[in-house]
Amino acid sequence: MQQAIEYLEELHFDEDDLNYLKTLTGNDQKPLFEQGFLDYLRDLKFCCQVDAVPEGTPVFPYEPLVRVQGPILQAQIIETLLLTIINFQTLIATKAARVNIAARGEAVLEFGARRAQGVDGALTASRAAYIGGCAATSNVLAGRVWDIPVKGTHAHSWVMLFEDEREAFQTYARTMPNNCVFLVDTYDTLEGVRHAVEVGKWLRENGHELLGVRLDSGDLATLSIGARQILDEAGFENAAIVASNDLDEYLIRSLKDQGAKISVWGVGTRLATAYDQPALGGVYKLSAVLENGEWQPRLKLSEQSVKISNPGILQVRRFRRASGDKTGQLFADAIYDVQNPPRDWVIVDPTDSLLRWKVTPQMESDDLLVPVLQGGRRVGELPSIHEIRALAQRNMELLPDGIKRFENPHRYQSGLEENLHTRKEKMIFAARNS
């Protein structure tokens, strides 16, 4: 949301924008836009109210992440902007969270800049990955722009530049003695580890320390075990073994199950591109219209039930356990219309109306959508990226363990509040029979 808020606050059209829009024509070769519309854009001052779920908050299918209320022209004109910013970063933050679950507390470094979808994709992926739990990024520009810790190693090309591997490591150590993680798989991985140990002894003699070695190919489980043995026998028990090479949450989990001696995970392509699901299907739909001083719900009908939108001024009520050893743990989410809040909360599964959950009065609860812009102006101060990341980590701890499984995860109890579900069904029936 931080980028979205900053863009919306500065939303305007300058003369170059308007001159370009004047050149656009319809199929009759006449101007596409009336002059009155262009004049409106010239004087536009964004004045909508925007409510959003705070960054760093876990959310679930069908839940509104952002609610925009204001003049329909302004609300429509920002659709692509919001979807572009929020969908991608939500996707990458989610992937990063999954990778960090697999790493079980060990450091994950985001290494995806070279495989990301362009410069902006690389920057925003680094930001989202850090919020999702990554400890640092190899993208130095992202470090500068977003204040993210930066970590990295030399490339294979550095080793290949020299006559032999040991000379490459030694030269690197002289140049950057306080950042020596050697990439050891250019020729022979375990021999590379032995060369790293030789240079590590020189570093130690000169008041520095070998930080670790990086494995980027081959059988990472077997090679890491061999590398660990070589390092330990040489007295470098604290040197880290960093692994890369198309890692994702499944491969990390598999390597840990195989007893791999890896303590830092460099995850690139499959994180920065969300390799196995390269797009998030977030949508932006009209849900209510103000007519004669009263809000009228709107619904998009579709032959696919998953594409039928929810009507009303929507909010999400999150319920948490209030007692026992699971106090504070997330229990259920209810999407409801703020104009018709229920006294008793019953949640209906949006894909199976026979599946329902009743919330007891003892549950603690709060609404997720909070004001971020009023009259187009910011409400309060935006949190820092480090505060957002810390919030995400706290919230991840409050998720039930069952829903964090990669295979056959438990279904989190999230859906429509019963009154909203009933109204939606009536509107669907009326629309289909009109």
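When a residue number appears, it is its place in the shown sequence, counting from 1. All of these numbers come straight from a predicted model, not from anything done at the bench.
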Residue from R98, K95, R270 passing salt bridge (Lys or Arg N to Asp or Glu O under 4.0 Å) with D276 |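 The salt bridge (Lys or Arg N to Asp or Glu O under 4.0 Å) with D276 is passed solely by K95 among R98, K95, R270.
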Residues D333 and R318 bridged, charged N to O under 4.0 Å | yes
Would you call D257-R104 a salt bridge at under 4.0 Å N-O?
->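 Salt bridge present between D257 and R104.
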Do [X] and [Y] have side-chain N/O donor and acceptor atoms under 3.5 Å apart?
{"X": "D185", "Y": "H156", "answer": "yes"}
{"X": "S217", "Y": "N245", "answer": "no"}
{"X": "T186", "Y": "E165", "answer": "no"}
{"X": "T273", "Y": "R115", "answer": "no"}
{"X": "E397", "Y": "Q393", "answer": "no"}

Got more than 12 heavy atoms from elsewhere within 6.0 Å of [atom1], [X]?
{"X": "K256", "atom1": "NZ", "result": "yes"}
{"X": "E237", "atom1": "CD", "result": "yes"}
{"X": "K307", "atom1": "NZ", "result": "no"}
{"X": "K426", "atom1": "NZ", "result": "no"}
{"X": "Y7", "atom1": "OH", "result": "no"}
{"X": "E407", "atom1": "CD", "result": "yes"}
{"X": "D246", "atom1": "CG", "result": "yes"}

Closest approach of A4 to L82 (non-hydrogen atoms, all atoms of both residues) |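 Closest pair (atom of A4, atom of L82, distance): CB-CD2, 3.9 Å.
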Parallel, tilted or perpendicular: ring planes of F169 versus F182, cut at 30 and 60 degrees =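 Parallel, since the angle between the ring planes stays under 30°.
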Test F319 against every option in W345, Y412, W357 by the ring-ring contact (aromatic ring centres under 6.0 Å, His included) rule and name the one that passes.
->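 When ring-ring contact (aromatic ring centres under 6.0 Å, His included) is applied between F319 and each of W345, Y412, W357, only W345 qualifies.
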Give me the one residue out of I230, L231, I225 that meets side-chain contact (heavy atoms from CB on, under 4.5 Å) with R228.
->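 Single pass found, and it is L231.
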Give a yes or no answer on whether the side chain of R389 reaches the backbone of C134 with a donor-acceptor pair at less than 3.5 Å.
-> yes
Between the side chain of N87 and the main-chain N/O of G282, is any donor-acceptor distance below 3.5 Å?
-> yes
